[in-house]
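Have a look at the structure below, then the notes.
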Protein chains: 2
Amino acid sequence: MSNAVSEAGTTSVQSVDRALHILEILGARGECGVTEIAAELGIHKSTASRLMSALLTRNLVEQLSDRGRFRLGRGIVRLAGSVTSNLEGVSGSRAVTRALASETGETVNIAVLDGDSVLYVDQVAGSNLRSLRSWLGQRVPVHCTASGKALTAWLDNDARKAARPTKLERLTEFTITNVDELERELGQIRERGWAVANEEMEEGFMAVGAPIRDAYGEVVAALTVSGPSGRLTKLPLDELAHKVIASANELSGDTDIWRE
Amino acid sequence: MSNAVSEAGTTSVQSVDRALHILEILGARGECGVTEIAAELGIHKSTASRLMSALLTRNLVEQLSDRGRFRLGRGIVRLAGSVTSNLEGVSGSRAVTRALASETGETVNIAVLDGDSVLYVDQVAGSNLRSLRSWLGQRVPVHCTASGKALTAWLDNDARKAARPTKLERLTEFTITNVDELERELGQIRERGWAVANEEMEEGFMAVGAPIRDAYGEVVAALTVSGPSGRLTKLPLDELAHKVIASANELSGDTDIWRE
DNA sequence: AACGGCGTTGCTCATGGCGCAACGCTATGC
DNA sequence: GCATAGCGTTGCGCCATGAGCAACGCCGTT
C-alpha cells in the first residue's frame, strides 16, 4: 500500500470503508440518492453508484424504484437476526433472560454502550404486558435509562464523560439534567450494584438495571427489567433489583454474551 | 475497469463484495477466524485480515479477544434498528400494525420474501401474550407459515417454484409436505385473499396472513396476526382474516412499506 | 420543446487492493 | 525447557481494480 495510507495510521480498505459509511448515512437519513451520498463522502457520483451497486447485490440496500433513491434493505435485518439467533444458541444467554422475564412478568433487555448512547441488542417480553414494540437496535440516552446508568457507573471519569451526552436532555419532568446530580446517582449505583430509572425517559415507564461483566470484571453490557412504573413500584424494589443482579451475574464471566 | 469485469456482467466493487460476503459468513457461522474466512473466499489471509479490519472500524464485526476470532457486531443491530425506526417514522406503517395488535390482542408481524425463506422485518405485540421472543430478522420456511403462503400465493408458477424449498420439511404433524397439496391451498388463498397456518410450523401456534401490495399490485410483503392456536381458533376466523386484510390494504399502494 | 438533475455506464489510468513474506503470540507436544 | 504449528497482523512492492471524467438515457418541470 502507498505511503498515504501508512501515514493515515489505518489498515482499513478505503473502498470498503466508503461502502460501510454509506450504510451509516442511510441509517441516519432513511433514504438517499447517489448524488447526495457522493457529496457526503466527497467522491464522484459514479463511484458512489458503484459502491451502492455492491451493497444492492447483497441486499444490504434496496432501491425504491428503477434509477431511484436507496434505503437500507432486508439483508441488514437478516444479519441482525443472525446476531440475536446466536444469543439463543451459541452464547446461551436467552435461557437466562427468558427465565427472568418469566419470573418477573416484565420485559427483559440486554443493552450495550454505543458511543454516547445505549443500544438495545436483545429483548424478551414477560406476561404482564399491555403493548410492546421491539426495542432491538434502538438507541436511547445514557443519562435517563437504567441501562445507561448501569453501563456508565463503573467507567473511569474520562470514559464516563465521553459516554455522556454533552447536554443532558430533559425528556420528562423527572429526567436528571444536572451532571453533578447524575454523578451522585452513579456513585450510589456503584455502592448498591444496581440502577433504576423511574419515568426519567418516558412517562409511566420504569426500569431496573444491573451490569453484565466480562471475565476480567469489565462492564460490557447491561441487563434490565422494565415495565409500567405503576406496576414496578408496587414490587419491593430491592427484591427485584437482586433478581436482576443474580441474572446479570449468571451472564457475566466467561460467557461471551457481548464484548466491546 | 478491465475486460474481465465487463464480461462478468457486474458493476460491483470486488473488495466491497468480499467484505459483505464476510458478513454473511459470520451471520451463518456465528464466529470465524481470519484464516477460515480467507479459505472460504479463496483469498489470501492478509487480505481477509484487512477487509475484516475495515468491518471492525465501523463496528459491523467485533473481535472476541486481541488477535482472536470475529463475529458480527453491534453496528449491525444499530443499522437494523434504523430500518425499524423508519417503519415507525417515515413509512408510518407502525400506526397500522399497532392498531391491529391492539384490536386483536395478538402479535402482528410484517414479513418479506428472502430467497426461499420468509424474513420477519417488523413486529408489534398485543396484550394477550404469554411470552414473546423477538422474531425480527428471523427466517422461517415459506410452506408452513401464513406469511410464506401469503407471500408466494400470487407469484407466477416459476417464481413460486423458486421461492419454495426443494423439500417441504415436516416440522409438525400438520405441516404440508406435498407440493400438490400446497399448490391447492395456495389456490384457495388466491380466491379468498388470506392465508392461515395452524400448527404447521410450531405446535400450539397459529397465524393468519394477508398480502401487502405495492402501487402496481405486486405482493411485496405479508402482514400476519399470530398467537396460540387455542386462542385464535376461538375467534371467528373469517372476521379476523378480514381485519388483517383491511390493515394490509391500508399498508398497500403508494406507501413504501417494503419493496423488493 | 428545452432544461436541469438524476442514476448508470464506457473508458482509461494511477493508486489502492492484493499477495508474499515475515513477524509476534499462543497453544501443544515432547 | 525447546520446537513446532497455527493464528492474526504488518511491511513492502506490484499490478489489477477502484476511481474519476465524460457521456448517456430517463424523468420531471417550465
Side-chain angles (χ1 to χ4, degrees), chain A residues 1-22 25-26 29 31-58 60-71 73 215-216 254 259, chain B residues 1-22 25-26 29 31-58 61-71 73 215-216 254 256 259:
Chain A
M1 289 198 285
S2 73
N3 282 348
V5 174
S6 300
E7 288 169 359
T10 180
T11 55
S12 276
V13 181
Q14 181 177 243
S15 53
V16 174
D17 193 66
R18 282 176 172 166
L20 302 182
H21 194 168
I22 289 173
I25 292 167
L26 290 179
R29 297 190 185 190
E31 60 181 66
C32 271
V34 161
T35 313
E36 194 176 339
I37 292 283
E40 186 81 33
L41 266 61
I43 58 177
H44 194 268
K45 67 176 179 174
S46 68
T47 300
S49 182
R50 291 212 173 81
L51 294 174
M52 195 68 84
S53 177
L55 294 168
L56 199 57
T57 299
R58 299 267 176 186
L60 296 199
V61 305
E62 65 186 22
Q63 200 163 12
L64 297 189
S65 61
D66 281 356
R67 307 179 71 92
R69 294 159 73 75
F70 297 83
R71 67 185 182 182
Y216 310 100
D254 290 338
R259 292 192 54 87
Chain B
M1 292 195 283
S2 73
N3 283 348
V5 173
S6 301
E7 285 169 2
T10 179
T11 55
S12 275
V13 181
Q14 182 178 244
S15 53
V16 173
D17 193 65
R18 282 175 170 165
L20 303 181
H21 194 168
I22 289 173
I25 292 167
L26 289 178
R29 298 190 183 188
E31 62 182 62
C32 270
V34 160
T35 312
E36 197 175 338
I37 293 282
E40 187 81 35
L41 266 63
I43 59 177
H44 194 268
K45 65 175 180 173
S46 69
T47 301
S49 183
R50 292 213 174 81
L51 294 173
M52 194 67 83
S53 178
L55 295 167
L56 199 58
T57 300
R58 299 270 176 184
V61 305
E62 68 186 21
Q63 199 164 13
L64 298 189
S65 61
D66 281 355
R67 311 179 69 92
R69 297 160 71 77
F70 295 86
R71 68 183 182 184
Y216 309 100
D254 288 339
D256 283 333
R259 289 191 59 87

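Note that the structure is a prediction, hence the values are computed from the model and not measured. Note on naming: letters A, B, ... go to the chains in the order of the sequence lines (proteins, then strands), and numbering restarts at 1 for each one.
Val16(A) and Ala54(B) get closest at one heavy-atom pair: CG1-CB, 3.7 Å. Between Phe70(A) and Leu26(A), the closest heavy-atom pair is O-CD2, 3.6 Å. For the residue pair Val13(B) and Arg50(A), the shortest heavy atom distance occurs at CG2-O, 3.7 Å.
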What one-letter contact string describes nucleotides 21-30 of chain D from 5' to 3', where B marks a base within less than 4.0 Å of any protein heavy atom, S marks contact via sugar-phosphate atoms alone, and - marks no contact? BB--B-----
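Residue Gln14(B) has no polar side-chain atom (N or O) positioned under 4.0 Å from OP1 or OP2 of dG16(C).
The distance from atom CG of Asp66(A) to atom P of dT9(C) is 11 Å, rounded to the nearest whole Å. Residue Arg18(A) contributes atom CZ, which lies 13 Å from atom C1' of dG17(C) at whole-angstrom precision. Rounded to whole angstrom, the span from the CZ atom of Arg71(B) across to the P atom of dG8(D) amounts to 16 Å. In this structure, Ile37(B) atom CD1 and dC7(D) atom P are separated by 13 Å, rounded to whole Å. Glu36(A) places its CD atom 13 Å from the C1' atom of dG7(C), with the value rounded to the nearest Å. One interatomic measurement links the two molecules: CG of Leu51(B) to P of dG18(D), which rounds to 11 Å at whole-angstrom precision. Following rounding to the nearest Å, Met52(B) (CE) and dT10(D) (C1') show an atom-to-atom distance of 17 Å. Summarising the geometry, the separation between CZ on Arg69(A) and P on dC6(C) is reported as 10 Å, rounded to the nearest angstrom.
Proximity note for Ser15(A) (side chain, C-beta onward) versus dG18(D), dT9(D), dG7(C): the nearest is dG18(D).
Counting only heavy atoms from C-beta outward, the side chains of Gln63(B) and Met52(B) never approach each other to under 4.5 Å.
The backbone N or O of Ser49(A) lies less than 3.5 Å from no partner atom in the side chain of Ser53(A), so there is not a single donor-acceptor pair.
Partners of Ile43(B) by side chain to side chain contact (heavy atoms under 4.5 Å, CB included), not counting sequence neighbours, listed by chain and number: Arg18(B), Ala38(B), Leu41(B), Thr47(B), Ala48(B), Leu51(B). Under the side-chain hydrogen bond (donor to acceptor under 3.5 Å, both in side chains) criterion, His21(A) pairs with no residue, sequence neighbours left out.
When the nearest nucleotides of DNA chain C are assigned to Val16(A) and Thr35(A) by heavy-atom distance, the more 5′-ward of the two goes with Thr35(A).
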